[in-house]
Protein chains: 2
Amino acid sequence: MQINIMTLPILRDFKCSHCPIRHRAVCAHCDTDELQLLENIKSYRSFSAGESILWRGEPLDYVASVVTGVAALSKTLEDGRTQMVGLLLPSDFMGRPGRKQIAFDVTATTDVTLCCFDRKPFEKLVNDTPHLTQRLMELALDELDAARDWMLLLGRKTAREKIATFIEMLARRVHMEKDQDSLILPLSMTRDQIANFLGLTLETVSRQFNALKKDGIIDFSDRKFIAVKNIEALHAASGDDS
Amino acid sequence: MQINIMTLPILRDFKCSHCPIRHRAVCAHCDTDELQLLENIKSYRSFSAGESILWRGEPLDYVASVVTGVAALSKTLEDGRTQMVGLLLPSDFMGRPGRKQIAFDVTATTDVTLCCFDRKPFEKLVNDTPHLTQRLMELALDELDAARDWMLLLGRKTAREKIATFIEMLARRVHMEKDQDSLILPLSMTRDQIANFLGLTLETVSRQFNALKKDGIIDFSDRKFIAVKNIEALHAASGDDS
DNA sequence: CGATCAATTGAAGAACGTCAACGACCGTGG
DNA sequence: CCACGGTCGTTGACGTTCTTCAATTGATCG
């Protein structure tokens with residue numbers, strides 16, 4: 001039996017100053033001195049796709065920034081119904097100072113690398129560093145905006161609109177290639193994960209994907225990629241204005 | 001024609017130190033000196049029930065704390081479907097430093113009194129006052145937690161569970177009287193507002209309210225109050241665990 | 001090449017929305 | 001004081017959307 005090396009804590013030897021999320025993560029506003037203080041207490045951790053990062057209610061020993069990959073936050077009802085309540089992309093922050101546990105599960109959707117800070121020293125640092133507090137607030141407010149858009153989607157959009165909105169969101173924030181007249185998007189989630197994200201069943205997700213395909217708005221054959229053939233029609237199908 | 005006096009800006013002459021939300025609002029962590037700085041730039045504004053406080057995209061000249069009453073945040077799709085995305089109760093904060101407009105409408109659900117700060121001086125004060133930034137962050141994170149619970153409700157709960165969850169939430173945080181064996185809750189929202197809050201139609205809200213009444217879990221005759229007869233059964237109907 | 005998991009497809013049903021009518025309540029003005 | 005209009009709530013009949021259940025196909029990986 002082979003141990004998956006990705007699940008083991010890994011200490012990478014790269015400097016904060018060369019970090020890919022240096023200017024967007026919690027450390028964005030920090031100056032060189034402040035960065036050094038963070039550097040002293042950071043460590044890296046990796047998780048492979050599908051692995052659980054943290055269970056609801058589990059003691060939260062560290063807080064972290066996502067460096068690479070995608071993690072999902074989800075909540076579950078007692079009978080097993082599950083709803084994703086957030087996606088953590090690179091530079092997003094996990095955990096909050098002053099709270100010892102979180103109210104949802106965190107799972108690695110793709111392989112994930114986290115930049116971790118032990119909670120206690122981090123909290124102390126936050127109290128002494130307005131730049132950190134300020135950035136944490138900005139990140140929380142951005143997440144709040146995203147959460148509110150998602151509430152509109154969950155409460156009022158049709159299945160077709162949900163799927164169109166989802167694909168449009170991918171098109172906006174996932175790095176994408178342009179192939180002739182269509183945008184190629186990597187799709188790291190299964191139908192089941194997408195369903196949990198959109199408040200649907202996996203069958204409905206599959207049907208709506210294929211409906212958009214039949215309408216010539218998107219195309220796919222591979223499981224890992226989808227092509228957006230008509231971005232205007234996609235937007236029109238999302239139900240959003242402008 | 002009579003001008004509604006509640007719609008006019010009113011300057012109340014009470015000190016921050018005697019404010020009913022002194023220990024929960026954005027100023028919670030402020031010391032006496034910091035409080036004085038806030039006092040210098042604050043002013044009160046009142047809105048009567050149903051009145052719009054701020055439209056989406058409108059320039060945001062001030063930020064504010066809710067002192068009394070309830071305000072609702074809502075988003076609307078182009079064809080008119082609307083979804084409430086938050087409720088502002090006393091001590092909740094409206095607006096965010098660094099952003100000149102907001103992405104949703106704010107409406108007074110009941111008569112509302114706001115403690116307003118002009119945006120520019122407030123932002124300056126925030127930059128110089130870690131206590132304020134810290135509290136703003138806490139408030140944002142609390143709202144984020146609430147938003148995530150709401151996403152689970154909107155995405156995965158049945159109509160009956162939504163109504164039960166809603167009533168249970170009222171029971172927890174609205175000041176309530178105990179009348180014999182039942183809790184009396186003031187109900188300030190119409191069926192339509194509740195529907196927009198829960199992602200339902202007003203007819204479904206009405207039907208589920210009456211279903212819970214027929215089951216002996218709640219009771220009502222007056223439009224303004226409901227009585228919870230069986231709090232355990234109500235909780236069981238909410239779908240939440242524990 | 002089987003074994004497994006993801007995705008698709010169909011058929012049937014449940015839950016909720018839509019449309020419409022009606023009734024209760026409330027403030028207003030005659 | 002009563003008549004009136006408007007808003008809000010209730011109720012019924014019906015339709016649509018999405019879920020549920022089940023079977024099948026397709027893809028991937030030892």
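Quick note on labels: first sequence line is chain A, next is B, and so on, each numbered from 1.
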Subject >> Distance-only polar pair, side chains of A/Thr113 and A/Thr68, donor-acceptor under 3.5 Å >> reply: yes
**OP:** Quickly work out the B/Leu200 CG to D/dT10 C1' distance and round it to whole Å.
**Re:** 16 Å
Subject >> Between B/Ser48 and B/Glu51, a side-chain donor and acceptor under 3.5 Å >> reply: yes
Original post:
What is the minimum heavy-atom distance between A/Asp149 and B/Lys75, and which atoms define it?
Top reply: OD1-NZ, 2.5 Å
Original post:
Which residue lies toward the 5' end of DNA chain D, A/Arg223 or A/Gln208, if each is placed at its nearest nucleotide?
Top reply: A/Gln208
Subject >> Of the listed nucleotides D/dG12, D/dA27, D/dC8, the one nearest the side chain of B/Arg207 >> reply: D/dG12
Original post:
Mind checking which nucleotides bracket the chain A contacts on DNA chain C, 5' to 3', with an atom under 4.0 Å from a heavy atom?
Top reply: C/dA6 to C/dA11
Subject >> A/Val67, A/Val66, A/Val63 screened by side chain to side chain contact (heavy atoms under 4.5 Å, CB included) with A/Cys115, the one that passes >> reply: A/Val67
**OP:** Check the pair A/Arg24 / A/Asp142 against salt bridge (Lys or Arg N to Asp or Glu O under 4.0 Å), numbers first and verdict last.
**Re:** CA-CA 12 Å; A/Arg24 290 177 296 139; A/Asp142 287 343; over 6 Å; no
Original post:
For the helix from C/dC1-D/dG30 to C/dG30-D/dC1, what angle lies between the axis at the first five pairs and the axis at the last five pairs, to 10 degrees?
Top reply: 30°
**OP:** Examine D/dT10: is either OP1 or OP2 under 4.0 Å from a nitrogen or oxygen in the side chain of B/Arg191? Give yes or no.
**Re:** yes
Original post:
Nearest-Å distance, CZ (A/Arg156) to C1' (D/dC18)?
Top reply: 16 Å
**OP:** Kindly say whether, by distance alone, the side chain of A/Glu203 makes a donor-acceptor pair under 3.5 Å with the base of D/dC18?
**Re:** no
Original post:
Under 4.0 angstrom, heavy atoms only, what part of the nucleic acid is A/Gly199 near: base, sugar-phosphate, or nothing?
Top reply: sugar-phosphate
Subject >> Sugar-phosphate only, base, or nothing, as touched by A/Leu202 at under 4.0 Å among non-hydrogen atoms >> reply: base
Original post:
Can any side-chain N or O of A/Arg45 pair as donor or acceptor with the backbone N or O of A/Cys116 at less than 3.5 Å?
Top reply: no
**OP:** For the residue pair B/Phe166 and B/Gln208, establish whether any side-chain heavy-atom pair is separated by less than 4.5 Å.
**Re:** no
Original post:
D/dC8 P sits how many Å from B/Asn210 CG, rounded?
Top reply: 18 Å
Original post:
Mapping A/Val205 and B/Ser221 to their closest nucleotides on DNA chain C, which lands nearer the 5' end?
Top reply: A/Val205
Original post:
A/Ile163 CD1 to D/dT17 P: how many Å, rounded?
Top reply: 16 Å
Show which side-chain atoms of residues 217-225 of chain B pair as donor or acceptor with protein atoms under 3.5 Å away, not counting sequence neighbours.
from, atom 1, to, atom 2, distance (Å)
B/Asp222, OD1, B/Lys224, N, 2.5

Original post:
Do A/Ser206 and A/Glu203 have a side chain donor and acceptor closer than 3.5 Å?
Top reply: no
**OP:** May I have the distance from B/Asp192 (atom CG) to D/dG6 (atom P), rounded to whole angstrom?
**Re:** 19 Å
Original post:
Out of D/dG9, D/dT19, D/dT10, which nucleotide sits closest to the side chain of B/Thr190?
Top reply: D/dG9
**OP:** Carefully, step by step, assess B/Asp61 and B/Lys100 under the rule salt bridge (Lys or Arg N to Asp or Glu O under 4.0 Å).
**Re:** CA-CA 8 Å; B/Asp61 300 326; B/Lys100 294 186 183 54; over 6 Å; no
Original post:
Hey, which of these two, A/Lys224 or B/Thr204, hits DNA chain D nearer its 5' end, going by closest nucleotide?
Top reply: B/Thr204
Subject >> Check: A/Arg160 side chain, D/dT16 base, donor-acceptor under 3.5 Å >> reply: no
